[in-house]
Amino acid sequence: MTQKKSATRKKPTKKKAAKGKKSWLKVAWSFIWKLSLIGIAFVLLYAIYLDQVIAKKFEGQKWHLPAQVFSRSMALYPGAAVTHPQLMSELKLLGYRKVANPRQVGEFSASSTRIELWRRPFLHPEGNQAEQRVMISFDDLGVSSVRRMSDKRELAVFHLEPVLLDRIIAGDGEDRLFVPTNEMPSLVVDSLLLVEDRSFYEHHGVNPLAIVRAAFVNVTAGRTVQGGSTLTQQLAKNFFLSSERSLIRKAREAVMALIIDFRYSKDEILEAYLNEVYMGQDKARAVHGMGLASQFYFGRPIAELTVAQQAFLVAVIKGPSYYNPWRYPERAQERRDLVLRLLMENDQLTVGQYKAAVESPLGLRDSKKSVQQKLPAFFAVVKHELSERYGSSLLNESGIKVYTTLDPVAQEAAEKAVVSTMKSLDERAKNVQVGMVVTDKYSGGIAAMVGDRQPSYDGFNRAVEIRRPIGSLIKPFVYATALAQPEQFNLATPLADKPITLENDEGKTWSPQNFDKQFSGEVPLLEAFRDSMNVPAVNTGLAVGVENVASTLEKAGWNAAISTYPSMLLGAVNGSPLMVAQVFQTLADDGRYRKLTSITAVLDSGNNPLQVSRPQSAIAIDPATDYLVQYSMSKVVQQGTAKRLGAAFPHVKLAGKTGTSNDSRDSWFAGFDERNVAAIWVGQDDNSKTGLYGSSGAMAVYQAFLQQRPPLSLRLPPANGIVNGYFDRTNGTPMQPKCNNVINLPAHQASYKPAANCGEPLSWWQKLLGE
């Protein structure tokens with residue numbers, strides 16, 4: 001009985017155990033269910049957060065696009081002062097291909113007097129310029145005609161696209177050149193999808209089959225040989241995530257890819273990828289996007305790449321460092337050929353196209369030449385002018401385009417001239433420094449600038465920042481002041497060349513001397529100008545007034561205070577090459593003052609021009625007077641202190657003036673041809689003696705510049721109010737052409753009143769006729 005009761009008590013224990021187990025499962029299930037809800041809520045909230053992050057990026061500003069800085073756009077028109085060799089050099093810089101017969105944009109052919117060109121389309125400050133095929137003809141003066149090939153119509157003006165000098169990048173170090181998908185070659189897009197994501201248009205941002213397939217291949221190989229990420233996942237990683245390898249990062253990448261694919265069209269995603277993908281490293285700059293990669297690897301727009309070059313851009317995506325074509329050319333070519341083979345196998349290329357492509361070289365640009373131009377002196381001026389005219393925050397804005405006045409051919413010539421001349425001068429004056437400014441006399445823009453004997457050195461800019469006595473470079477303004485008074489001065493006027501001593505208020509005396517320490521008594525004004533004689537220049541300046549000479553210099557654009565002591569008449573005025581270039585630009589531009597500029601236009605991210613006030617021009621020197629000064633400066637080159645320059649270019653008319661400060665501390669030269677004005681200083685930073693004169697130092701740089709950039713002869717047509725005059729060689733009196741001992745010189749018409757005869761007694765019939 002007792003045993004039976006014990007047995008019946010154990011049965012309920014099993015039921016309780018079952019019930020307890022059921023209760024525990026219920027609690028566990030409840031916990032899991034609630035935890036799942038929390039997890040789902042968290043994932044949803046996190047997805048909403050990611051959605052906001054993605055929307056902000058995609059629907060706002062995807063990238064901070066660097067400010068693009070362009071050179072001037074070369075203008076070609078009948079009469080333009082551009083030679084055949086200069087245009088050839090420009091086309092080479094722009095990456096145009098020389099062919100027998102142009103068949104597409106970016107190509108040209110050339111004969112000795114004509115160039116047939118198929119210009120690329122480009123954005124000009126005045127609007128979009130379509131592609132155009134033209135024939136440009138040349139004569140001895142420059143461009144003679146520009147005709148459109150389609151209808152043989154002569155064009156009034158034709159612009160070449162500017163050279164992209166640099167992109168001023170933001171602090172993240174990313175550099176890119178945005179190219180819309182519709183401007184991408186179709187082969188680039190097709191090969192990208194074929195190599196990186198064949199099911200791009202079928203999946204929803206993530207391709208599970210590709211992930212499984214890649215995992216199987218990698219496990220079999222024992223290492224990572226294949227990736228399973230879609231283009232959308234790669235874009236999510238590049239846009240928002242780091243390159244860290246972890247499951248959490250991959251999960252975030254997948255979620256973001258799903259959101260991106262849900263929110264945006266495939267075409268939008270593809271365009272973003274094509275402009276975001278990392279393509280290589282250009283020193284400190286990360287190269288992103290196909291557009292910039294085309295320039296980085298091949299030096300030309302992506303639309304002009306060959307089939308093989310387009311395939312290479314897709315090939316290098318897998319590993320820009322591993323497939324660096326300059327370091328590992330065989331490896332890079334093997335990868336390129338693999339892409340080409342895939343294109344052929346998928347009927348994107350014919351067998352013939354494939355064979356031609358794989359047999360072609362990589363066709364890379366010269367790696368020694370940087371994609372960005374190293375122009376520290378010029379860029380410093382550009383940045384200062386941008387800040388001054390447009391505000392200091394402009395360069396922080398995304399996508400602006402700055403069009404400058406720089407002439408890349410002139411800049412290259414200036415740099416070569418500086419490097420070669422400084423090297424040769426080291427034999428006479430060790431480690432002399434240099435500052436050089438070249439302007440375009442037609443546009444009034446800075447065409448080239450060098451601030452150091454090492455042109456790429458980013459430091460003290462001697463073209464702008466030095467202040468040194470300009471010496472005899474002031475004499476054209478002394479004589480311009482005198483010749484502006486034609487009743488008293490003409491080119492034949494005799495000037496006193498005798499010892500002179502001046503005393504100031506403190507009793508100190510000054511006795512100017514000529515270079516040779518000799519005096520000739522009297523000398524014609526033109527001869528004194530030509531030979532840079534000091535005493536006649538001082539006497540002339542005193543006669544017209546030192547203050548008036550200073551006023552002439554200031555009107556011509558000198559922007560610093562001038563001490564009106566007599567020593568100023570021999571160049572005791574401190575200036576820089578830029579300041580000298582400004583006033584000689586006025587002389588070269590027929591007496592018209594225009595403030596030199598480095599910027600022609602700025603466009604915002606929408607390609608709209610930013611409005612800004614432009615400096616006005618003014619007549620600083622009467623054009624007739626200015627003509628006489630230019631004429632005299634041409635004689636300086638032909639027969640005077642710069643005759644060595646004239647001998648180097650015997651068939652070219654040039655104008656110039658040498659200058660040397662006391663004790664040969666500073667060597668100066670300023671001169672111009674029909675196109676460019678140049679101002680050059682050579683000296684020591686510590687202001688020590690160099691032993692160089694204007695003709696042996698600075699002028700040597702100018703001569704080397706013209707050897708690199710062949711000059712155009714000055715046209716120098718007589719200005720209104722200028723006549724062909726005849727003057728007595730002894731006293732400068734206007735005479736009749738038939739008289740003896742006369743010299744033929746240009747003169748002001750208003751004051752040119754030649755004598756009725758040659759100084760002989762009048763005959764009875766001359767008296768009768770009133771002659």
Side-chain angles (χ1 to χ4, degrees), residues 61-71 93-95 105-106 120-123 161-185 187-189 191-192 196 231 234-235 238-239 270-306 308-321 323-327 332 336 362-375 379 395 397-402 408 603 605 607:
Q61 181 179 293
K62 290 188 181 71
W63 306 279
H64 185 285
L65 296 176
Q68 297 181 65
V69 183
F70 295 94
S71 72
L93 277 175
L94 288 167
V105 295
R120 301 172 180 130
F122 71 99
L123 177 65
E161 71 266 32
V163 175
L164 178 60
L165 302 174
D166 198 5
R167 286 172 297 280
I168 303 175
I169 63 175
D172 60 6
E174 290 190 3
D175 195 5
R176 61 173 48 78
L177 189 63
F178 179 78
V179 179
T181 309
N182 59 2
E183 294 180 17
M184 290 278 182
L187 190 68
V188 169
V189 178
S191 54
L192 172 68
E196 296 291 331
L231 288 184
Q234 293 179 43
L235 179 62
N238 292 338
F239 255 159
L270 188 59
E271 181 173 88
Y273 181 89
L274 288 165
N275 287 282
E276 171 61 24
V277 61
Y278 175 67
M279 298 294 290
Q281 195 73 26
D282 182 15
K283 297 178 182 176
R285 302 180 180 218
V287 178
H288 285 260
M290 294 289 186
L292 183 57
S294 177
Q295 295 286 353
F296 175 61
Y297 289 112
F298 305 111
R300 63 180 70 250
I302 193 168
E304 295 178 21
L305 298 187
T306 64
Q309 289 169 335
Q310 292 175 37
F312 173 81
L313 290 185
V314 175
V316 81
I317 291 173
K318 185 172 183 177
S321 178
Y323 294 108
N324 185 319
W326 291 290
R327 288 186 178 181
R336 180 205 69 176
L362 289 172
L364 303 169
R365 66 171 176 85
D366 185 353
S367 62
K368 295 179 182 178
K369 294 183 178 180
S370 176
V371 177
Q372 293 80 33
Q373 303 287 327
K374 292 184 178 179
L375 307 167
F379 282 156
L395 286 176
E397 296 181 17
S398 175
I400 68 166
K401 300 168 185 67
V402 180
L603 306 184
S605 58
N607 296 330

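What you see below is based on every heavy atom in this structure, not just the backbone, and it leaves out hydrogens, waters and symmetry mates. In what follows, residues are counted from 1 in the order of the sequence shown. Note that the structure is predicted; figures quoted are calculated from it, not measured.
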S.K.: Could you give all pairs that pass the salt bridge (charged side-chain N to carboxylate O under 4.0 Å, His left out) test and reach residues 286-302, with sequence neighbours left out?
M.R.: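 Applying salt bridge (charged side-chain N to carboxylate O under 4.0 Å, His left out) to every pair that reaches into residues 286-302, excluding sequence neighbours, yields R300-E304.
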
S.K.: Would you say that L274 contacts V179 through its side chain, given a criterion of any heavy-atom pair below 4.5 Å between the two side chains?
M.R.: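 They are not in side-chain contact.
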
S.K.: Please find the pair of heavy atoms, one from L65 and one from S398, that lie closest to each other, and give the distance.
M.R.: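 The answer is N-OG, 2.8 Å.
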
S.K.: Counting C-beta onward and ignoring hydrogens, is there a side-chain heavy-atom pair between L270 and L192 closer than 4.5 Å?
M.R.: yes

S.K.: Applying ring-ring contact (aromatic ring centres under 6.0 Å, His included), can you list everything that pairs with F379, at least two apart in sequence or on another chain?
M.R.: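 Residues passing ring-ring contact (aromatic ring centres under 6.0 Å, His included) with F379: none at all.
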
S.K.: Angle class for the F298/F312 ring planes (parallel below 30°, perpendicular above 60°, tilted otherwise)?
M.R.: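 The rings of F298 and F312 stand perpendicular, inter-plane angle above 60°.
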
S.K.: Looking at S605 and G399, would you say the former's side chain and the latter's main chain have a donor-acceptor pair under 3.5 Å?
M.R.: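 Answer holds: no.
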
S.K.: Measure across A315 and Y323 and return the closest heavy-atom pair with its distance rounded to 0.1 Å.
M.R.: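 That closest heavy-atom pairing would be O-CD1, 4.4 Å.
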
S.K.: Between E183 and F178, is there a side-chain heavy-atom distance shorter than 4.5 Å?
M.R.: no

S.K.: Does T306 have any side-chain hydrogen bond (donor to acceptor under 3.5 Å, both in side chains) partners at least two apart in sequence or in another chain, and if so, which?
M.R.: Q309

S.K.: Going by the rule side-chain hydrogen bond (donor to acceptor under 3.5 Å, both in side chains), which residues pair with E397 if we only count those two or more places apart in sequence or in a different chain?
M.R.: none

S.K.: I want to check something: taking the side chain as every heavy atom from C-beta on, are L177 and Q68 in contact at a cut-off of under 4.5 Å?
M.R.: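 With C-beta onward as the side chain, the pair touches.
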
S.K.: Please report the closest heavy-atom contact between R167 and P66, naming both atoms and the distance.
M.R.: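 The pair with the smallest heavy-atom distance is CB-CB, 3.7 Å.
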
S.K.: Are any non-hydrogen side-chain atoms of P180 and E271 less than 4.5 angstrom apart?
M.R.: yes

S.K.: Are D175 and K283 close enough for a salt bridge, meaning some N to O gap below 4.0 Å?
M.R.: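 Judged by the 4.0 Å cut-off on N to carboxylate O distance, D175 and K283 do not form a salt bridge.
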
S.K.: For the pair R176 (side chain) and N275 (backbone), establish whether a donor and an acceptor sit closer than 3.5 Å, ignoring hydrogens and angles.
M.R.: yes

S.K.: Does any non-hydrogen side-chain atom of M279 lie less than 4.5 Å from one of I317?
M.R.: yes

S.K.: About how many Å separate CD of E276 and CG of N238, when rounded to the nearest 0.5 Å?
M.R.: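 Separation between the atoms: 5.5 Å.
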
S.K.: Looking at residues at least two apart in the chain, or sitting in another chain, which of them share a side-chain hydrogen bond (donor to acceptor under 3.5 Å, both in side chains) with E196?
M.R.: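 Result, side-chain hydrogen bond (donor to acceptor under 3.5 Å, both in side chains) vs E196: Q234.
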
S.K.: For Y273, what residues pass the ring-ring contact (aromatic ring centres under 6.0 Å, His included) criterion, not counting sequence neighbours?
M.R.: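 Here no residue qualifies.
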
S.K.: Could you give me the CA-CA distance, side-chain angles and deciding distance for N607 and L123, then say whether side-chain contact (heavy atoms from CB on, under 4.5 Å) is met?
M.R.: CA-CA 8 Å; N607 296 330; L123 177 65; 3.3 Å; yes

S.K.: Can you see which heavy atom on P325 is nearest to which on A332, and at what distance?
M.R.: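 Looking at all heavy atoms of both residues, the closest pair is CA-CB, 3.8 Å.
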
S.K.: Report the residues that fulfil side-chain hydrogen bond (donor to acceptor under 3.5 Å, both in side chains) with N324, sequence neighbours left out, ordered by chain and then residue number.
M.R.: none

S.K.: Test of understanding: with ring-ring contact (aromatic ring centres under 6.0 Å, His included), list the residues that count as partners of Y278, not counting sequence neighbours.
M.R.: H288

S.K.: For S294, which residues count as a side-chain contact (heavy atoms from CB on, under 4.5 Å) partner, sequence neighbours excluded?
M.R.: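 Testing S294 for side-chain contact (heavy atoms from CB on, under 4.5 Å), a comparison that skips the adjacent residues, returns I302, L305, L313.
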
S.K.: Closest approach of R120 and L94, non-hydrogen atoms and distance?
M.R.: NH1-O, 2.8 Å

S.K.: Under the side-chain contact (heavy atoms from CB on, under 4.5 Å) rule, collect the residues that match up with A303, sequence neighbours excluded.
M.R.: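 Not a single residue meets the side-chain contact (heavy atoms from CB on, under 4.5 Å) criterion with A303.
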
